[in-house]
Novice: 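Have a look at this one before I ask anything.
What you see is a predicted model, and the numbers here were worked out from it, not measured in a lab. Order of the sequence lines sets the chain letters (A, B, ...), proteins ahead of strands, with each chain counted from 1.
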Number of protein chains: 2
Amino acid sequence: MSKCQQCIIREFNTLRSLTADELKTMSKEKDVLTFKKGDIIFKEGNAINGVYCVKHGICKLSKLNANGKEQIVRFMKGGDMLGYRSILSEEPVTLTVTALKDMEACYIPKKEILDAIKENPKFSLDMMKTVCGDLRDANASLSNMAQKSVKERLADTMIFLKETFGEDEDGYLDIVLTREEIASVVGTATESAIRLLSEFKKKGFIELTGKRLKVIDEVGLLKLSQGF
Amino acid sequence: MSKCQQCIIREFNTLRSLTADELKTMSKEKDVLTFKKGDIIFKEGNAINGVYCVKHGICKLSKLNANGKEQIVRFMKGGDMLGYRSILSEEPVTLTVTALKDMEACYIPKKEILDAIKENPKFSLDMMKTVCGDLRDANASLSNMAQKSVKERLADTMIFLKETFGEDEDGYLDIVLTREEIASVVGTATESAIRLLSEFKKKGFIELTGKRLKVIDEVGLLKLSQGF
DNA sequence: TCAAGTCTATGATAAATGTCATATAATTTC
DNA sequence: GAAATTATATGACATTTATCATAGACTTGA
C-alpha cells in the first residue's frame with residue numbers, strides 16, 4: 001500500500017505540516033479509494049466521518065436548489081482536501097461531490113485529523129489558513145455573482161478554468177464540462193450559456209470543438225469580465 | 001477598565017473556550033474601542049494586526065466592485081469576531097467594515113489569538129468551527145444569489161434581517177438600512193429594490209415607515225422566497 | 001429655518017436573461 | 001449499427017431587471 005510519507009500530493013495541502021510520526025499513523029489508518037467519472041463521492045446531507053485527500057482527478061462541489069437545479073459552487077483537484085468543513089463543524093455535508101474525471105483519493109478518518117489539530121499547532125494553523133482562503137474566495141464569488149452580468153461571469157469562468165486546470169497539448173482546457181455544467185457554474189440558463197459561448201467563439205475569444213474548449217484571447221476575456 | 005473575564009458577550013463567540021489565564025492576558029492587552037454610526041472600522045486592503053470582538057452595535061461587511069458599486073457580503077453584531085480571517089491567513093483584509101449603529105468593540109492583538117490557537121486546542125477547534133460555519137453560509141448565499149430571482153432574494157433578505165436582528169417594541173426591524181443598502185445585500189439596482197419593497201407592502205408582506213421596516217407576513221415571504 | 005443635498009418613489013424605456021419550441025448533432029444502449 | 005436518448009444550437013418571444021428621467025419627501029448644516 002502506498003504510504004502518505006512518500007506521497008507527493010501532500011506537499012500541496014495542509015498535510016505537509018504533519019510530523020513524520022503523525023504521517024505514519026495516518027498512513028496506517030487511511031483507505032485509498034478510486035472513483036469513476038460520474039461517481040458521487042458524497043451527497044448533500046450525508047454524515048461523513050473522514051476527509052478525502054484528492055490524489056488526482058477533478059470533481060465538482062454542488063448544491064441542489066429548491067427548484068431542483070444544480071448550482072456548482074467550486075471544483076477540486078489533486079492536492080485539495082474534501083469534506084474537512086463537515087468534520088470540523090460536526091455537521092452533515094452541505095454539498096454534493098461528483099467526479100468529473102476518474103479520481104483517486106485517500107480517505108482519512110476524522111480522528112486522525114482532529115488528533116493532529118489537537119497535537120500539532122502548525123497543522124492547526126495551516127488548516128485554518130486553508131478554510132480562511134476558501135472563505136475569502138467564496139465571498140469574492142458572491143460579490144461577483146451579485147454584481148456582474150452573465151456575460152462577465154462567463155468570461156471569468158473561462159479564465160478561471162484555464163488558470164486552474166491548465167491546457168492539454170493541443171491547447172484545450174484540461175477539464176471537460178457539459179454546457180449545462182458551465183451554465184451552473186456561471187449561474188444562468190443552459191441556453192444562455194450556449195448562446196454566449198457561441199458569441200465568444202464568433203468574437204475570437206475561444207474555440208469550441210464539441211465539449212472541448214480552448215481559450216484564445218485571455219486578455220480579451222479579462223477586459224470583457226471587467227465590463228469593457 | 002472592563003475585564004474580558006466578566007464580559008458576557010464572550011459566551012457568544014470562540015473566546016468562551018479560553019482558560020481563565022488566557023482571558024486575563026487578553027484582557028491586559030486589549031483596547032476597548034467605540035465607533036459612531038457610519039465610521040469605517042477597516043477598509044479593503046488594510047493590513048490589520050488584531051481582531052475585533054464586537055460588544056454591541058451592528059456593522060456591514062462589504063466589497064467594492066470594479067464598477068465602484070458596493071456589495072454587502074454580510075452583517076455582524078454583538079458576539080461576532082471581526083478580522084479573524086485576515087489574521088489567520090496572514091493577508092490584508094478583503095472587506096470593508098462600516099458601523100451601521102454606534103458600536104463598541106474590543107481590539108485584541110493578533111499575538112494573543114495566535115498564542116491561544118497554539119496553546120489551546122479547544123479554542124483552536126472552536127475557531128475553526130466558526131470559520132467553517134461562515135464558509136457554509138457563504139456557499140449557501142452564493143447558490144441563492146446564482147439561482148434565485150431578485151424578488152426571491154429580497155424576500156430572503158427580509159426574513160434574514162428579522163431572524164438575525166429581531167424587532168423593537170413596535171415590531172419594526174432592529175436594523176435600519178437605506179434602500180441602497182438593501183439593494184446591495186440583495187444584489188440589484190436601488191430602483192428595483194424600491195419597486196419590489198413597494199410591491200411587498202401592497203401585498204401586505206411588510207410595512208414601510210420611512211426607513212423603518214416591519215415584517216408582517218413571514219410565511220408569505222417564505223413562500224415567495226421559494227418561488228410560489 | 002431655509003437652502004442644498006440626499007433619499008425615496010415611480011414612470012418610461014431599454015437591455016439582459018429566461019423560457020419554450022424545434023432542429024440537428026452526438027452519444028448511448030440494446 | 002440502428003434506434004433511442006441526450007446534448008447542443010438557435011429562433012421567437014416573454015419576463016425580469018437595469019437605466020434614465022423626474023418629482024416629491026426627508027435630512028442636515030449654516
Novice: With sequence neighbours excluded, what pairs up with B/Glu218 under the side chain to side chain donor-acceptor pair (under 3.5 Å) test?
Specialist: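 Residues passing side chain to side chain donor-acceptor pair (under 3.5 Å) with B/Glu218: B/Lys162.
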
Novice: Rounded off to whole Å, could you give me the CZ-to-C1' distance for the A/Arg179 and D/dT6 pair?
Specialist: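 Between C1' of D/dT6 and CZ of A/Arg179: 14 Å.
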
Novice: Could you check which of C/dT19, D/dA7, C/dT17 has an atom nearest any side-chain atom of A/Ala189?
Specialist: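 Among C/dT19, D/dA7, C/dT17, the one nearest the side chain of A/Ala189 is C/dT19.
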
Novice: Rounded to whole Å, please give me the gap between NZ in A/Lys151 and P in C/dG18.
Specialist: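 Computing the A/Lys151:NZ to C/dG18:P distance gives 13 Å.
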
Novice: Quick one: do B/Asp134 and B/Arg85 make a salt bridge, cutoff under 4.0 Å?
Specialist: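 Result for this pair is no, no salt bridge flagged.
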
Novice: Nearest whole angstrom, please: distance from the P of C/dT8 to the CD of B/Glu181.
Specialist: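 Between P of C/dT8 and CD of B/Glu181: 9 Å.
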
Novice: Provide, to the nearest angstrom, the distance between the CG atom belonging to A/Asn65 and the C1' atom belonging to C/dG18.
Specialist: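 Going from A/Asn65 (CG) to C/dG18 (C1'), I get 16 Å.
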
Novice: Do the side chain of A/Arg153 and the main chain of A/Lys148 share a donor and acceptor less than 3.5 angstrom apart?
Specialist: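 Here the side-chain-to-backbone pair exists.
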
Novice: Could you please name the option among D/dT8, D/dT19, D/dA18 that lies closest to any side-chain atom of A/Ile194?
Specialist: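 The answer is D/dT8, which lies nearest to the side chain.
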
Novice: If you only use heavy atoms from C-beta on, which nucleotide in D/dA18, C/dA9, D/dT8 is closest to the side chain of A/Thr178?
Specialist: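 Of all the options, the side chain of A/Thr178 is nearest to D/dT8.
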
Novice: For A/Gly210 and B/Ser198, take the nucleotide of DNA chain C holding the closest heavy atom to each; which residue's nucleotide lies nearer the 5' end?
Specialist: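 This one resolves to B/Ser198.
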
Novice: Just jot down the salt bridge (charged side-chain N to carboxylate O under 4.0 Å, His left out) partners of B/Glu207, sequence neighbours excluded, or say none.
Specialist: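 Partners of B/Glu207 under the salt bridge (charged side-chain N to carboxylate O under 4.0 Å, His left out) test: none.
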
Novice: Would you kindly give the CG-to-P distance between A/Leu197 and C/dA25, to the nearest whole Å?
Specialist: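 Distance, rounded to whole Å: 19 Å.
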
Novice: For A/Glu191 and B/Lys69, find the nucleotide of DNA chain D closest to each by heavy atoms; which residue's nucleotide sits nearer the 5' end?
Specialist: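 Its nearest nucleotide lies further toward 5', so the answer is A/Glu191.
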
Novice: Does C/dA16 have OP1 or OP2 sitting under 4.0 Å from an N or O in the side chain of A/Ser149?
Specialist: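 For C/dA16, OP1/OP2 do not have a side-chain N/O of A/Ser149 under 4.0 Å.
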
Novice: What is the ring orientation for A/Phe165 with A/Phe160, classed by angle as parallel under 30°, tilted 30 to 60°, or perpendicular over 60°?
Specialist: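 Ring orientation of A/Phe165 relative to A/Phe160: perpendicular.
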
Novice: I want to confirm an ordering. Mapping A/Ser192 and A/Ala146 to their closest nucleotides on DNA chain D, which one lands closer to the 5' end?
Specialist: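 It is A/Ser192 whose nearest nucleotide is closer to the 5' end.
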
Novice: Can you tell me which nucleotide in C/dT8, C/dC20, D/dT17 comes closest to the side chain of A/Arg195?
Specialist: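 Per side-chain heavy atoms of A/Arg195, the pick is C/dC20.
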
Novice: Would you kindly give the CZ-to-P distance between A/Arg153 and D/dT17, to the nearest whole Å?
Specialist: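 Distance, rounded to whole Å: 12 Å.
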
Novice: Looking at B/Thr190, does any N or O in its side chain come under 4.0 Å of the phosphate oxygens OP1/OP2 on C/dC7?
Specialist: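 For C/dC7, OP1/OP2 do not have a side-chain N/O of B/Thr190 under 4.0 Å.
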
Novice: Just the rounded figure in Å: distance from P of C/dA25 to CZ of A/Arg212.
Specialist: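 Those two atoms, CZ and P, are 20 Å apart.
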
Novice: Closest to the B/Lys211 side chain: C/dT8, D/dT8, D/dC20?
Specialist: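 For the B/Lys211 side chain, the nearest candidate turns out to be C/dT8.
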
